[in-house]
Protein chains: 2
Amino acid sequence: MDRISLNTLGQHLQHLRTARGWSLSYLASEAGIAKSNLSRLEQGNGNPTLDTLWRLAVQLEVPFGTLVAPVTAPLDEEGVQVQLLDQGRDTPPVDAYWMRCAPWTERRAEAHTPGARENITVISGHLVVGPVDNMQIVSTGQSTSFAADQAHCYRTEESWATLLMTIVYSGGEEPHP
Amino acid sequence: MDRISLNTLGQHLQHLRTARGWSLSYLASEAGIAKSNLSRLEQGNGNPTLDTLWRLAVQLEVPFGTLVAPVTAPLDEEGVQVQLLDQGRDTPPVDAYWMRCAPWTERRAEAHTPGARENITVISGHLVVGPVDNMQIVSTGQSTSFAADQAHCYRTEESWATLLMTIVYSGGEEPHP
DNA sequence: ATGGAACGTTCGTTATAAGGAACGCTCGTA
DNA sequence: TACGAGCGTTCCTTATAACGAACGTTCCAT
């Protein structure tokens with residue numbers, strides 16, 4: 001938990017509150033917390049408990065994660081943004097990601113667990129993706145699927161690319177043994 | 001914040017931890033919190049700070065809200081939750097959705113614009129989906145694709161189903177003319 | 001002008017979440 | 001059998017989040 005996250009939480013809280021035309025005192029009172037508490041949070045200091053967050057989320061009628069969720073995906077490593085969307089823990093386990101790549105970038109990924117497969121659907125732009133010895137071009141709206149239990153790679157050309165990716169771990173094996 | 005929420009948080013934490021085959025001591029140490037703290041949380045007592053929740057979410061590689069999410073998320077009247085994830089406005093335009101369906105529910109959808117296709121990837125559970133005269137079963141981790149310029153349908157059986165869906169509008173036609 | 005009410009902030013106090021050192025327990029292993 | 005390593009739990013202590021009563025503002029209504 002760093003200062004940046006706390007700042008975004010504060011800004012987010014204040015935005016949600018003022019968007020409703022509510023005063024700080026009013027929100028604090030309705031949520032059942034001290035206004036000094038809320039004041040500190042909006043300033044980006046403090047480290048609220050789950051109880052406090054919960055009361056605020058209920059009062060603002062906002063899904064819980066929204067209070068803390070960064071405005072945009074924060075991770076930018078070499079022009080690639082990745083955000084975990086959801087995880088399925090049935091058999092097989094499935095991880096779902098949203099991913100955005102800048103033009104002319106390449107992201108290499110190590111092999112996942114044996115039998116794992118990846119599924120790609122391109123939302124905008126196009127990219128070249130797959131096992132390093134068998135990469136394919138995937139255009140806007142298209143999907144592809146490949147074995148991910150070997151080194152693989154995502155590469156963009158002249159345009160940005162946005163895509164959904166799922167990793168399917170075979171036969172109920174755990175992704176993080 | 002009531003006792004029930006704390007219990008579900010505890011159960012959720014414990015499930016995520018054991019699913020990875022991690023010991024309580026290990027997770028606490030990796031996340032940088034005292035194991036007494038984690039122990040208390042898993043028992044459904046305590047009221048963690050955002051810092052503590054954050055460290056656990058990062059270590060478990062779980063989206064933040066997931067830790068706290070209620071067992072039964074709010075559903076619309078038909079037992080189906082839909083959330084727009086992203087929109088691509090290249091050619092062709094693409095809409096990306098996350099979708100969750102309760103057991104034994106059926107959602108009918110009208111035809112989209114001519115040439116539109118839908119792409120489904122199942123994250124957990126399984127469902128029967130496609131044009132009403134040609135529906136297919138799709139299991140966890142699998143994908144399918146079908147013409148969406150005719151009436152189509154999503155149907156679950158005995159289990160919940162979570163999926164990613166993309167709608168691809170053909171030839172640059174706008175989804176909402 | 002002047003009182004009152006509401007606003008957001010600051011500060012000392014109190015409640016409590018997090019930390020850390022025990023404990024009893026179950027395993028393998030010598 | 002005895003030992004050590006690791007497990008999860010239970011205390012007690014310490015750090016700190018939440019509270020509540022101030023405070024200085026602003027802005028109306030008197």
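Because the structure is predicted, anything quoted here is derived from the model rather than measured. Throughout, protein chains are lettered first and strands after them, A, B, ... in sequence-line order, and every chain is numbered starting at 1.
- Rounded to an integer number of Å, the gap from NZ of K35(B) to P of dA5(D) is 14 Å.
- Put simply, CD on E42(A) is 13 Å from P on dC7(C), counting in whole angstrom units.
- Between S39(B) and dT10(D) there is no side-chain N or O to OP1 or OP2 distance below 4.0 Å.
- When all heavy atoms of A96(A) and L164(B) are compared, the closest pair comes out as CB-CD1, 3.9 Å.
- The nearest heavy atom of DNA chain D to A34(A) and to S23(B) marks one nucleotide each, and the one closer to the 5' end goes with S23(B).
- Between the CG atom of N45(B) and the C1' atom of dA18(C) there is a distance of 14 Å, rounded to whole Å.
- Between L9(A) atom CG and dA17(D) atom C1' there is a gap of 14 Å when expressed in whole angstrom units.
- In this structure, the CH2 atom of W22(A) is 18 Å from the C1' atom of dA6(C), given to the nearest Å.
- Connection of M165(A) to W160(A) is not established within any shared hydrophobic cluster, with ILVMFWY side chains joined at heavy-atom distances below 4.5 Å, either directly or through further cluster members.
- The CG atom of L53(B) sits 5.5 Å away from the CG atom of L50(A) when rounded to the nearest 0.5 Å.
- OP1 or OP2 of dG8(C) has not a single side-chain nitrogen or oxygen of Q14(A) nearer than 4.0 Å.
- Contact between the side-chain N/O atoms of N37(B) and the OP1/OP2 oxygens of dA17(C) is not found at any separation under 4.0 Å.
- Distance from the side chain of L24(B) is smallest for dT9(D) among the nucleotides dA18(D), dT9(D), dG8(C).
- With rounding to whole Å, N47(B) atom CG is found 17 Å from dT16(D) atom P.
- When the side-chain nitrogen and oxygen atoms of T49(A) are compared with OP1 and OP2 of dA17(D), none of them lie within a distance under 4.0 Å.
- One interatomic measurement links the two molecules: CG of L38(A) to C1' of dA17(D), which rounds to 14 Å at whole-angstrom precision.
- Considering only side-chain N and O atoms, R40(B) lies nowhere under 4.0 angstrom from the phosphate OP1 or OP2 of dT16(C).
- Comparing dG19(C), dG8(D), dC7(C) by their closest approach to the side chain of I33(B) singles out dG19(C).
- Per the geometry, CG belonging to L41(B) stands 10 Å off P belonging to dA17(C), to the nearest Å.
- D90(B) places a side-chain N or O within 3.5 Å of a backbone atom of G125(A) that can act as its donor or acceptor partner.
- A single hydrophobic cluster is seen to contain both Y97(A) and V138(A), as judged by linkage of ILVMFWY side chains at heavy-atom distances under 4.5 Å, directly or through other members.
- One finds a side-chain N or O of Q43(B) lying less than 4.0 angstrom from the OP1 or OP2 phosphate oxygen of dT10(D).
- Side-chain N/O atoms of S36(A) include none lying less than 4.0 angstrom from OP1 or OP2 on dT10(C).
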